[in-house]
Student: 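What follows is a structure written as C-alpha cells; I'll ask about it next.
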Number of protein chains: 2
Amino acid sequence: MASSTVENYVKRIFLAQQTTADGLVPVGQLATIMNVVPGTATSMVKALSDSGLAEYAPRTGVRLTRGGEQLALHVLRRHRLLELFLVKALGLDWSEVHTEAEELEHAVSDRVLERIDDFLGHPSVDPHGDPIPSARGKMAEPSAVSLADCEVKKRLRVSRVADQQPAFLQLMERSGLIPGALVRVENRDEVAGAVVVVPGGDDPVVLGFSAARKVFVE
Amino acid sequence: MASSTVENYVKRIFLAQQTTADGLVPVGQLATIMNVVPGTATSMVKALSDSGLAEYAPRTGVRLTRGGEQLALHVLRRHRLLELFLVKALGLDWSEVHTEAEELEHAVSDRVLERIDDFLGHPSVDPHGDPIPSARGKMAEPSAVSLADCEVKKRLRVSRVADQQPAFLQLMERSGLIPGALVRVENRDEVAGAVVVVPGGDDPVVLGFSAARKVFVE
DNA sequence: ATACTAATTTTGACTAATCAAAATTGCAAT
DNA sequence: ATTGCAATTTTGATTAGTCAAAATTAGTAT
Ligand SMILES: [Mn+2]
Ligand SMILES: [Mn+2]
Ligand SMILES: [Mn+2]
Ligand SMILES: [Mn+2]
C-alpha cells in the first residue's frame with residue numbers, strides 16, 4: 001500500500017506534469033510544491049522510481065509511469081468526490097473542503113468511496129469545477145479558456161475556479177464567479193493587466209490577469 | 001498533534017482500563033491488543049509518559065493521565081460518530097463500519113465532525129450501542145448486564161453488542177439481537193454454558209456464554 | 001577556455017515506530 | 001534459600017521521511 005506521503009507526491013507530480021509540454025517535472029519544482037528541501041524531493045523521487053511509480057532522470061526531472069498515473073488519478077478521484085460530498089451532504093463551504101479532503105483522501109476506502117459516488121449520483125466535476133476521474137482512471141480534460149483569454153463581450157459560463165486558497169474562493173463567491181454562473185467579459189486591458197467582468201445579475205468586477213487566469217469558462 | 005499511532009494506543013489503553021479495578025494496564029496486555037511485540041509497547045508507553053498522556057510504572061502497568069483520557073474520549077467520539085454516519089448516511093452495514101472508522105477517526109477534523117453530529121441529531125450511541133462521548137469529553141456508562149447474567153424469563157431490550165468482528169455482528173443481526181430489539185432469556189444452563197434466547201418475533205437462538213456475555217440488555 | 005551561478009545531488013544526522021533477541025526482574029514453587 | 005519461569009525491559013537494527021549543509025554539475029557569461 002502506498003503511504004499518504006507517496007500518494008501526495010504522486011498526485012502533485014501528476015498535476016505539475018499537466019502544465020508541462022514534455023511531462024517532466026524538475027525535482028526542485030517538486031520540492032517547492034511539496035514544501036520540503038530539495039534533497040528530500042530527490043530521495044523521494046528515487047524511491048518512487050524504485051517502486052515503479054515514476055521514471056527519474058537525474059538533473060532532468062521526474063515523470064510518472066502508467067502505474068503512477070493511475071495511482072494519481074485514484075487519489076484525485078477520492079479527493080474530488082470527498083470535496084463534493086462535504087459540500088452536498090454536510091453543507092461545508094467550497095472554500096474549506098480542499099483542506100479537509102487533503103487528509104480524508106488517504107483514509108477513505110474504495111467501499112466507502114463508491115457509496116459516496118452513488119450518493120452524489122456519479123458526478124463529473126467537484127465543487128471547483130475540477131473533473132472527477134472515473135473509477136477506471138479516466139478523466140475529462142477541463143476547458144483551457146480563462147477570463148484572461150476568452151472572447152470579449154460574449155455570454156459564457158464559468159466552468160472552473162483553479163485556486164484552492166480560501167480567501168480567493170470566498171472572493172469569487174462574493175463576486176458571483178462560481179462554476180455554472182453566466183458571465184461576460186466587458187473589457188480587457190492588456191496594458192493594465194486587468195479585466196472587467198460582469199457576472200449574471202451582479203455588479204461588474206475587476207480582476208487582475210493573475211486572478212482572471214484562474215477562472216475558466218466555456 | 002498526536003499521531004494516529006498515539007491516538008490508537010491511547011484509545012486502547014482507555015478501553016483496557018475500563019475492564020480493570022485499579023485502571024492499570026500491563027504493558028504485555030497492551031502489546032497484545034496493539035499487535036506489536038512487548039518491547040515496542042514498552043517504548044511507546046515511555047513516550048506517552050514523556051508527553052504527559054500516561055503514567056508509567058515499570059513492571060506494573062500504564063494508566064492514562066487526565067489529558068490522555070480526554071484524548072481517548074475525543075478519538076472515541078470521532079470513531080463512534082463516524083460509524084453511525086456511515087450507517088445512516090451511506091447505508092453501510094454495521095458489521096463493516098468499525099474497520100472504516102478505525103482509519104477515518106484520525107483524518108476527520110473537528111469542523112467536519114460537528115457537521116456529522118448535527119446531521120445525526122446529536123446521537124448518544126453508535127450502531128453497536130456504544131456510548132458516544134460528548135464534545136467536552138463526557139461519556140455515559142453502558143449497561144453491564146448481559147444475556148449471560150440478566151434475569152431469566154423477562155422481557156428486556158438489547159442495548160449493546162460488544163464485539164466488532166464482522167462474522168459475530170452478522171450472526172447477531174440474523175438472530176435479531178441488535179440494539180433496540182426486545183428479547184427474553186428462556187433458559188440458562190450454567191453447566192452447559194449456554195443460554196436460550198427468544199428475540200422479538202424470531203425463533204429461539206442458542207448462545208454460548210462467551211457470546212452471551214457480549215450482548216448487553218436493559 | 002574560464003569562471004560563476006543556480007539547480008541538484010550527496011552525505012550525515014535525526015525522529016517515530018517497529019522487530020528480534022538478549023538481559024533483567026519479580027514471584028511462585030520447591 | 002534456591003531455582004525456574006513468565007513478563008518485561010533493554011539493546012541493537014531497520015525503515016520512512018525529513019533537514020542542514022557540503023559537493024557536484026550543467027549551463028551562462030565573460
Ligand atoms: Mn493529501
Ligand atoms: Mn477541488
Ligand atoms: Mn484507529
Ligand atoms: Mn462501534
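Residue numbers start from 1 in every chain, and the chains themselves are labelled A, B, ... in the order their sequence lines are given, proteins ahead of strands.
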Student: The criterion is side chain to side chain donor-acceptor pair (under 3.5 Å); which residues satisfy it with B/Asp117, sequence neighbours excluded?
Tutor: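 So B/Asp117 forms a side chain to side chain donor-acceptor pair (under 3.5 Å) with B/Arg77, B/His122.
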
Student: By the 4.0 Å heavy-atom rule, please label B/Val37 as base, sugar-phosphate, or nothing.
Tutor: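 Base contact.
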
Student: Identify the 5'-most and 3'-most nucleotides of DNA chain C with at least one atom closer than 4.0 Å to a non-hydrogen atom of chain A.
Tutor: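 Footprint of chain A along DNA chain C, 5' to 3': C/dA7 to C/dT10.
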
Student: Does a nitrogen or oxygen in the side chain of A/Tyr9 sit under 4.0 Å from OP1 or OP2 of D/dA16?
Tutor: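 No, A/Tyr9 has no side-chain N/O under 4.0 Å of OP1/OP2 on D/dA16.
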
Student: Quick one: label B/Ser3 by what it contacts on the DNA or RNA (base, sugar-phosphate, nothing), any heavy atom closer than 4.0 Å.
Tutor: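 Since only primed, P, OP1 and OP2 atoms lie under 4.0 Å of B/Ser3, the category is sugar-phosphate.
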
Student: Rounded to whole Å, how long is the line connecting atom CZ of A/Arg12 with atom P of D/dG17?
Tutor: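 Nearest whole value for this atom pair: 17 Å.
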
Student: Side-chain N or O of A/Thr5 less than 4.0 angstrom from OP1 or OP2 on D/dG17?
Tutor: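 Looking at the OP1 and OP2 atoms of D/dG17, one of them is under 4.0 Å from a side-chain N or O of A/Thr5.
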
Student: Quick one: sort the B/His128 and B/Trp94 rings into parallel, tilted or perpendicular, breaks at 30° and 60°.
Tutor: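 Answer is parallel, since the angle falls under 30°.
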
Student: Hey, which sits more toward the 5' end of DNA chain D by its nearest nucleotide, A/Val36 or B/Tyr56?
Tutor: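 Whichever sits nearer the 5' end wins; that is B/Tyr56.
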
Student: Is the shortest distance from a Lys or Arg side-chain nitrogen in A/Glu105 or A/Arg80 to a carboxylate oxygen in the other one below 4.0 Å?
Tutor: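 Judged by the 4.0 Å cut-off on N to carboxylate O distance, A/Glu105 and A/Arg80 do not form a salt bridge.
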
Student: To the nearest Å, how far apart are A/Asp50 CG and D/dT15 P?
Tutor: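 About 13 Å, once rounded to whole Å.
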
Student: Quick one: salt bridge (charged side-chain N to carboxylate O under 4.0 Å, His left out) partners of B/Glu83, sequence neighbours excluded?
Tutor: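 Salt bridge (charged side-chain N to carboxylate O under 4.0 Å, His left out) list for B/Glu83, sorted by chain: empty.
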
Student: Using whole Å, what does the distance between atom P of nucleotide D/dA16 and atom NZ of A/Lys46 come to?
Tutor: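 It is 15 Å, rounded to the nearest whole Å.
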
Student: Below 4.0 angstrom, N of the basic side chain to O of the carboxylate: do B/Lys11 and B/Glu102 qualify?
Tutor: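 Yes, this pair counts.
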
Student: For B/Met34 and D/dT8, what is the distance between atoms CE and C1' respectively, to the nearest whole Å?
Tutor: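 The distance from CE of B/Met34 to C1' of D/dT8 comes to 18 Å, rounded to the nearest Å.
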
Student: Heavy atoms only: give me the nearest A/Val217-A/Cys150 pair and the separation to one decimal.
Tutor: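 Closest pair (atom of A/Val217, atom of A/Cys150, distance): CG2-CB, 3.8 Å.
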
Student: Just call it for B/Gly39: base, sugar-phosphate, or nothing, with non-hydrogen atoms closer than 4.0 Å on any strand.
Tutor: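 Base contact.
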
Student: Between A/Ala54 and A/Val62, what is the shortest heavy-atom contact and its length?
Tutor: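 Closest pair (atom of A/Ala54, atom of A/Val62, distance): CB-CG1, 3.8 Å.
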
Student: Side chain of B/Arg59, base of D/dT8: donor and acceptor closer than 3.5 Å?
Tutor: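 When only heavy-atom distances are counted, B/Arg59 does reach the base of D/dT8 through a donor-acceptor pair under 3.5 Å.
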
